[in-house]
Amino acid sequence: MRSFMAATGTGTIPASSSSHILFSSISQRRHYPLLPWGNPTHSTAPTSAASFRYRTTPRPAAVVTPPTTKTTDVGSERSEKREFYPIEHLTTWLLKHEQSGDIDAELTIVLSSISLACKQIASLLQRSSITNLTGAHGTINIQGEDQKKLDVISNELFCSCLRSSGRTGIIASEEEDVPVAVEETYSGNYIVVFDPIDGSANIDTALTTGSIFGIYGPDKQCLVDLDDDSPLDEAKERCIISVCQPGSNLLAAGYCLYSSSVVFTLSIGKGVFAFTLDPTYGEFVLTHENIQIPKTGKTYSFNEGNYDLWDEKLKNYLDHLRQPGPSGKSYSGRYIGCLVGEIHRMLLRGGIYGNPDNKYSKNGNLRLLYECAPMSYLVEQAGGKATDGRQRILDITPSEVHQRTPIFIGSAEEVEKLEKYLA
Ligand SMILES: O=P(O)(O)OC[C@H]1O[C@](O)(COP(=O)(O)O)[C@@H](O)[C@@H]1O
């Protein structure tokens, strides 16, 4: 039985005292059987005995600080004893930033619970054709989209992990009609917005998908005094649903890429860091430190099937990209139908992604709150830019949870070039 409660972000007010139902609550929902990650009898990792031992050989990762060694004289012999290879994991990285005061303990727990949800989703995606988890769920979300089975299950996993973190007050999800309040027992301060499976059309063909998340603090001026038993007025109610904050308020954001590797990428406001899942022991290992998106990039990512529906200025821009440059090489088009995959490639190689408005979708296809804002936050943290064609994405305050927006995002100089065409 789902009880409806209004949440203040610091506690809950029974719906009876609010003029209308504002949220659904995360009650005891079904849990889905998951095999523990890297379970030797089921893991897809190589079965050689070595693969189940914690590796002590240097990892050929992008980021490995030279091994520390300690030279000790043993009798007449000198021996160099390797102390350890400081491979950093998401867990230790979060604790390090908590100790240095960059994030508080509560946000550390929320991020850790999100990474747990992502590991479980990665495991389900890998085996979806085996466990009959491909295909439609048979329901439609508030956006009128057919939900895939894994859209629904991944949403439940995110909700369950955030609820048990005990640090989340309200969530907004692509797969939830309205913002959802965590019941008081488990309620915390943070507001978490997410798309549990981005690019879900790719699931059944085993192509790239991802999860996207953003974390806001409580909107201070909106916290309602629980001792105040006066009826909630309209302004306060509006405040309570303050999940609709501009991306510039984000405290942290990131995505998990489910592709040939599972890569958890995030920013807590001090650069962008990526952690690759090592399936042999189920931990995210730091592989990309302080990612800086190249200022330019010769890859553009637009669904050109909509070309005839676009504004003339945008068409001129696309025509320009296809002209062979002085070296004869024009831009390369890449479109994988998954925002997370496009952004991950761009963070590492540069380029531009666009999902513009068109004759039939006045505001484009992507949602501002839990897709465009978190991705724009990340790309700006990496030195890139993100606009709706007229203004910075992070400056837009959503007027409702599932509001859509056009988006052009990527290398700073590529976005600036586009803005000149659209001016
Ligand atoms: O089908 P279009 O209009 O090209 O839009 C593709 C975009 O929509 C998305 O698939 C979002 O879809 P979801 O609803 O699965 O999150 C993005 O991942 C992708 O970039």
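Computed from heavy atoms alone, side chains included, the values below leave out hydrogens, waters and symmetry copies. As the structure lists them, so they are numbered: ligands from 1, and atoms in each ligand from 1.
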Looking only at protein heavy atoms, which one is nearest to [atom], and what is the separation?
atom	value
atom 11 (C) of ligand 1	Asp198 OD1, 3.5 Å
atom 6 (C) of ligand 1	Tyr335 OH, 3.2 Å
atom 20 (O) of ligand 1	Tyr353 OH, 2.7 Å
atom 16 (O) of ligand 1	Asp195 OD2, 2.8 Å
atom 10 (O) of ligand 1	Gly337 O, 3.4 Å

So, is [X] polar-close to ligand 1, with some N/O to N/O distance under 3.5 Å?
X	result
Asn306	no
Gly199	yes
Ala201	no

Could you list which atoms of ligand 1 come closer than 4.0 Å to a heavy atom of Ile197?
15 (O), 16 (O)
Output the list of atoms in ligand 1 that are nearer than 4.0 Å to some heavy atom of Asn303, sorted by atom number.
2 (P), 4 (O)
If we ignore hydrogens and angles and just use 3.5 Å, is the side chain of Ser411 paired with the main-chain N or O of Pro294 as donor and acceptor?
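Yes, because the side chain of Ser411 sits within donor-acceptor range (under 3.5 Å) of the backbone of Pro294.
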Sidechain-backbone polar pair: Thr168 side chain, Ile170 backbone, donor-acceptor under 3.5 Å:
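No, because the side chain of Thr168 does not come within donor-acceptor range (under 3.5 Å) of the backbone of Ile170.
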Between Glu183 and Arg163, does any NZ, NE, NH1 or NH2 come within less than 4.0 Å of an OD or OE carboxylate oxygen?
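Yes, this pair counts.
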Tell me the contacting part of [X] for ligand 1: side chain, backbone, both, or neither, using a 4.0 Å heavy-atom threshold, strictly below.
X	result
Arg367	side chain
Asn365	side chain
Glu371	side chain
Val340	neither

Could I get the full list of side chain to side chain contact (heavy atoms under 4.5 Å, CB included) partners for Asp102, not counting sequence neighbours?
His97, Ser100, Ile268, Lys270
Would you say the side chain of Met346 lies within less than 4.5 Å of the side chain of Ser301, judging by non-hydrogen atoms?
no
Assess the residue pair Thr91 and His89 against the criterion (side-chain hydrogen bond (donor to acceptor under 3.5 Å, both in side chains)); give the C-alpha distance rounded to whole Å, side-chain angles, the decisive distance to 0.1 Å, and a yes or no.
CA-CA 5 Å; Thr91 312; His89 300 100; over 6 Å; no
In this structure, are over 12 heavy atoms from other groups packed under 6.0 Å from Arg349 atom CZ?
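Check fails, neighbour count at 12 or below.
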Nearest heavy-atom contact between Val193 and Tyr216 is CG2-CE1, 4.1 Å
May I ask you to decide if the ring planes of Tyr335 and Tyr353 are parallel, tilted or perpendicular, using 30° and 60° as cut-offs?
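Tyr335 vs Tyr353 ring planes: parallel.
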Going through the checks in order, is the ring pair (Phe, Tyr, Trp, His ring centres under 6.0 Å) test met by Phe213 and Phe264?
CA-CA 11 Å; Phe213 62 89; Phe264 191 86; 5.5 Å; yes
Would you say Glu174 touches ligand 1, if touching means a heavy atom closer than 4.0 Å?
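Judged by the 4.0 Å heavy-atom criterion, Glu174 does count as contacting ligand 1.
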